[in-house]
Every structure is written in C-alpha cells, then in structure tokens.
Amino acid sequence: MRVMKWSMIALAVAAGTSQMAVASSQDESKGFVEDSKLNVKMRNLYFSRDYRNAETAANRTNRVRHDQREWGQGFIGTFESGFTQGTIGVGVDAIGLLGLKLDSGRGYSGTGLFPTGSDRRSQDDYSKGGAAVKFRISDTVLKVGQQFTALPVFATDDSRLLPETAEGALITSNEIKGLTLHAGRFTALNAQAETNHDSLNLKSANVLGGTYLITDGLSTSLYYSKVEDYWRKYYGNVNWAVPLSDKQSLTFDFNIYDTKSVGSAEYKAYDGDKLDNRAFSLSAAYNLGAHTFTVAYQKVTGDGDYGYGVDGGGTVFLANSVARSDFNAEGEKSWQARYDLNFAEFGVPGLSFMTRYVRGTGANVASPNDPTVSISNGKEWERDIDVKYVLQEGPAKDLSFRVRQATYRSSDRVYYGSGSLDELRLIVEYPLSIL
C-alpha cells in the first residue's frame, strides 16, 4: 500500500510540473485584516443516557445512578486571519472554547459534557483555547499550533459540547488540480471535556497522505500515520458517485484500515496480543429524489479491535461507526440498513430525517463477568433516529434544532461492557458570523 501511495503522488507531481502556472491563492490574497473571519457557534446540548439496569447497593452508596443526564451551553469561537500579501503570506488562527453547565448533579455526571471531579460532580464551567501561526506559499499552507483536524488517520472529535483540539504542525497542499496532500506531526491532543494540556497523553503522531479527485464522481484517498508507542496505520478510500438521471444516483464508498502495534504497544488486543488487524467497510447508497437508501457491510480481521482515540476521537472513517457502537471488535462482521428523507422535496426545506439499523456478529471479546474468559461470537445491534431542522431565512437563519436517539443492545455486552443503553441528545446550534 505504501508503494501504491507514493506512486500516485509521484505521478500527480510529475503531471503538475508539466502544466502552466496559474494564479494561486496567495496571489489573490487581500491582506491579513481584509480576509479575516470571526465566527462563534453557540451549541445548547441536553444529553441523556440510560443503561437500563437496577441500582446496586454500591451505586446507592456512591450516589452513582444507572442513568446519566446533563445539560450545557457551549460557545465555539474561531478567528481566521487572512494572509499578508507577498510571496510568503503570514496569518494567525485562534480558537476559544467555553462550556457552561445548566443542569447536572452528583450521580448524573459522566456524559462527557463537562470535566468531573473526584466527588463525581461536573464543573460549573470550563474553558480552553489556543492559537496557530500559518504560512502560505502559492497553494500550500503550513499551520503550527492549536487546531482542529479532519484526517482519516488523525481527526478531532466534535460529538459533545465542545470539540477536541490538537497541537502540532500540518502542511496542506493544493498545488495540483484535484490533488490535496497532507503531512503533519502532532504532539498533544486535548479531550472534549478536559482543560489540562494533552489530556489524552499523546506523545507524537506523524501523518502523511492525500486525496485525489480522478473525475467529478470518482475520488481516492491514501494515508499513513505512526503514533508513538501505539500503532502505525494505513488507510485507503475509494468513493464513486454514479448519476443515473436528474433525480437518481448511486454512490459507493469503500474504506479500509491496516493497523499494527509499534513501540511499547500500550494498546493491545483484549487477550494481550499486539494489534495486527484490518478493518474495512463497503457501502452503497441509492438516491431517488427526496429518498436515500443505504446498505453497508463492515468486517474486522486479524488480532485486536480497530483502535483509535489517542490519535483523535473521530479517527474512525468506517460505515458502521454510528452513534454508540463502532462495531469494531476483533473478528466482528456487521450489516447496516439506513434510510434518509429530505423534506425539501415536499416544500419544507431544511427538514431532514434519518433512521438506521446495524447488527454485528462474531465479535471476539473478554467476558464482562470474567476477563480471563473469551466470548467468540459476541452479538450487538443498534437503532438510531435523527431529525434535524435548519431555518432557511430570516434574522435567525441557520439556527438548527436536532433530535438524536439511539437504542443499543448486546446480550454479550460487546460495547464497553454495557448490554443495554438508551441515549437521547437534544441539540440547538446557532452559527454567528461576526466578521
């Protein structure tokens, strides 16, 4: 896979050098202030999770409940300056995050919305922030400092009140039409509900790869990463969109990860073996006007689960990574059926609906009752419902309301030792553009 990756990049670079130079992004720079943007996303999130088990004597003694529920208000501020004019453009980006607790209590905490103290109470508020300096030559940008990332081998998570942030250096190059290249090194990763520096204990992560748009409907991606004392990963993707008519299309998406332990291999399989696995998914989506029908298949082979987290809580670009479970246990096979409905076709633009069902079998996991005993055919299923409405006009344009509900069951407790789980998220977001 490494040979394939470098061959593609070499061919693309060779092709690019034979083309005539055209105006670059840096040539069109208006200046540090003139191209600046300041945005604040306000996120109101109510989060409820019920493990559906009876309160134990130990739970009552420690005032820990089987159901968790919290409510918070988050502010995600981002400032992006323009680049100074000239051959080398210089700019600054900044991130400011603030979370406020609106409702919680001892025993109800632990949802991941707020930092939690030794008394099991969530903090009333928390904040964090950072900045990055950036340099641009032509269509290539180097960014050094605090930032969000969305690479398949290093992606910060944004599934709670405030997102994760990463610290490091990332080069993004778009010198060749249709080809985007990335190379970076990250040395710290801050969890969503933590304020201390490098709360996820990342030593270093080196990433390299890119995405190439072959035609308007066909693209491919190849990436490599090495996380110190954890693993090295290869990732590949092929996405193919086929238009059938004005209101019909087919989209195929294939993802694959190859992961192997390196260094001290702190992350191992459930039975103590080092990681050496492959996880892949293949999905097919048929769009017919307002309706989209999707089926997906996913499988993990080799030793250990597909592992991620220290390299970003969003680093799982697999079809069956859904609301609660990733269906990523050792040996697990999973199927998904999904339905999406866009109400714009019925005169209600901004309203959308989604439901899906995923079932996994063949998971190799440790028994929740005795870690020395293995379960070789663990089963799990999940059903999700998502309804979202975004205001299309008026003074509150882009204000969105979202309801997300997840039901998870596993007689073998495949997912983090939990056999039953019901989850509800109510999300209101309003993106405000100040500059």
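This chain uses plain numbering: 1 for the first residue, then up along the sequence.
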Any donor-acceptor pair under 3.5 Å linking the side chain of [X] with the backbone of [Y]?
X      : Y      : answer
Ser81  : Val92  : yes
Glu332 : Ala363 : no
Asp50  : Asp67  : no
Arg409 : Leu421 : yes
Ser281 : Ala319 : yes
Lys233 : Val227 : no
Ser261 : Leu275 : yes
Asn342 : Ala344 : yes
Ser321 : Leu318 : no
Arg160 : Thr111 : yes

Looking at [Y] and [X], is any side-chain nitrogen of the basic one under 4.0 Å from a carboxylate oxygen of the acidic one?
X      : Y      : answer
Asp326 : Arg324 : no
Asp340 : Arg356 : no
Glu345 : Lys247 : yes

Do [X] and [Y] meet the criterion of a side-chain donor-acceptor pair at a distance under 3.5 Å?
X      : Y      : result
Glu380 : Tyr408 : yes
Asn277 : Tyr306 : no
Thr140 : Glu175 : yes
Asp384 : Gln405 : no
Asp422 : Tyr51  : no
Asn237 : Asp253 : yes
Ser204 : Glu228 : yes
Arg49  : Gln68  : yes
Gln146 : Thr165 : yes
Asp139 : Ser24  : no
Asn320 : Trp335 : no

field: Derivation of the ring pair (Phe, Tyr, Trp, His ring centres under 6.0 Å) call for Phe280 and Tyr257
entry: CA-CA 6 Å; Phe280 77 86; Tyr257 285 96; over 10 Å; no

Considering non-hydrogen atoms only, spot the tightest contact between [X] and [Y] and give its length.
X      : Y      : answer
Phe327 : Gln298 : O-NE2, 3.1 Å
Leu213 : Ser219 : CD1-CB, 4.0 Å
Asp157 : Gln192 : OD2-NE2, 3.2 Å
Gln147 : Lys143 : NE2-O, 3.4 Å
Ser334 : Gly360 : CB-CA, 3.8 Å
Thr361 : Lys379 : CG2-CG, 4.2 Å

field: Asn190 and Glu164: CA distance, side-chain angles, deciding distance, side-chain hydrogen bond (donor to acceptor under 3.5 Å, both in side chains) verdict
entry: CA-CA 6 Å; Asn190 301 319; Glu164 291 178 337; over 6 Å; no

- prompt: Checking Lys134 against Phe83: charged group under 6.0 Å from the ring centre and within 45 degrees of the axis?
  reply: yes

- prompt: Step by step, would you call Trp71 with Asn44 a side-chain hydrogen bond (donor to acceptor under 3.5 Å, both in side chains)?
  reply: CA-CA 8 Å; Trp71 182 26; Asn44 189 282; 2.7 Å; yes

Separation of [Y] [atom2] from [X] [atom1] (nearest 0.5 Å):
X      : Y      : atom1 : atom2 : value
Asp386 : Arg338 : CG    : CZ    : 8.0 Å
Thr259 : Lys274 : OG1   : NZ    : 15.0 Å
Phe343 : Leu351 : CZ    : CG    : 5.0 Å
Leu38  : Thr78  : CG    : OG1   : 7.0 Å

- prompt: How far apart are the C-alpha atoms of Asn287 and Thr292, what are their side-chain angles, what is the distance that settles it, and do they pass the side-chain hydrogen bond (donor to acceptor under 3.5 Å, both in side chains) test?
  reply: CA-CA 4 Å; Asn287 175 254; Thr292 302; 2.9 Å; yes

message: Under the criterion side chain to side chain contact (heavy atoms under 4.5 Å, CB included), I'd like the reasoning laid out for Asp93 against Ile95: C-alpha separation, chi angles, the key distance, then a yes or no.
response: CA-CA 7 Å; Asp93 290 352; Ile95 299 170; over 6 Å; no

query: Going through the distances and angles, do Arg69 and Tyr46 end up as a side chain to side chain contact (heavy atoms under 4.5 Å, CB included)?
result: CA-CA 7 Å; Arg69 52 181 184 266; Tyr46 172 80; 3.6 Å; yes

- prompt: Is there a salt bridge (Lys or Arg N to Asp or Glu O under 4.0 Å) between Lys203 and Asp229 once you walk through the steps?
  reply: CA-CA 8 Å; Lys203 293 182 179 179; Asp229 286 339; 2.5 Å; yes

- prompt: Going by the angle between their ring planes, with limits at 30° and 60°, are His291 and Tyr339 parallel, tilted or perpendicular?
  reply: parallel

- request: Look at the aromatic rings of Tyr286 and Phe293 and report parallel, tilted or perpendicular, splitting at 30° and 60°.
  value: parallel

task: Decide yes or no on side-chain hydrogen bond (donor to acceptor under 3.5 Å, both in side chains) for Ser376 and Asn364, but give the supporting numbers first.
output: CA-CA 4 Å; Ser376 60; Asn364 299 325; 5.2 Å; no

message: Tell me which one of Leu113, Leu161, Asp103 satisfies side-chain contact (heavy atoms from CB on, under 4.5 Å) with Glu70.
response: Leu113

message: Is there a salt bridge (Lys or Arg N to Asp or Glu O under 4.0 Å) between Asp125 and Lys101? Walk through the geometry before answering.
response: CA-CA 6 Å; Asp125 60 78; Lys101 183 177 72 177; over 6 Å; no

message: With heavy-atom distances below 4.5 Å as the criterion, would you say the side chains of Pro163 and Leu97 are in contact?
response: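 Touching, per the 4.5 Å side-chain cut-off.
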
Close side-chain approach of Trp231 to Asp311, heavy-atom, < 4.5 Å: yes

message: So for atom NZ, which belongs to Lys299, do other residues, nucleotides or ligands contribute more than 12 heavy atoms lying within a distance under 6.0 Å?
response: no

message: How about CG on Asp216, more than 12 heavy atoms from neighbouring residues, nucleotides or ligands closer than 6.0 Å, or not?
response: no

message: Quick one, Lys37 with Glu80, criterion salt bridge (Lys or Arg N to Asp or Glu O under 4.0 Å). Give me CA distance, side-chain angles, the key distance, then yes/no.
response: CA-CA 5 Å; Lys37 299 177 182 178; Glu80 299 179 24; 5.3 Å; no

- request: Could I get the full list of salt bridge (charged side-chain N to carboxylate O under 4.0 Å, His left out) partners for Lys226, not counting sequence neighbours?
  value: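 By the salt bridge (charged side-chain N to carboxylate O under 4.0 Å, His left out) rule, Lys226 matches no residue at all.
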
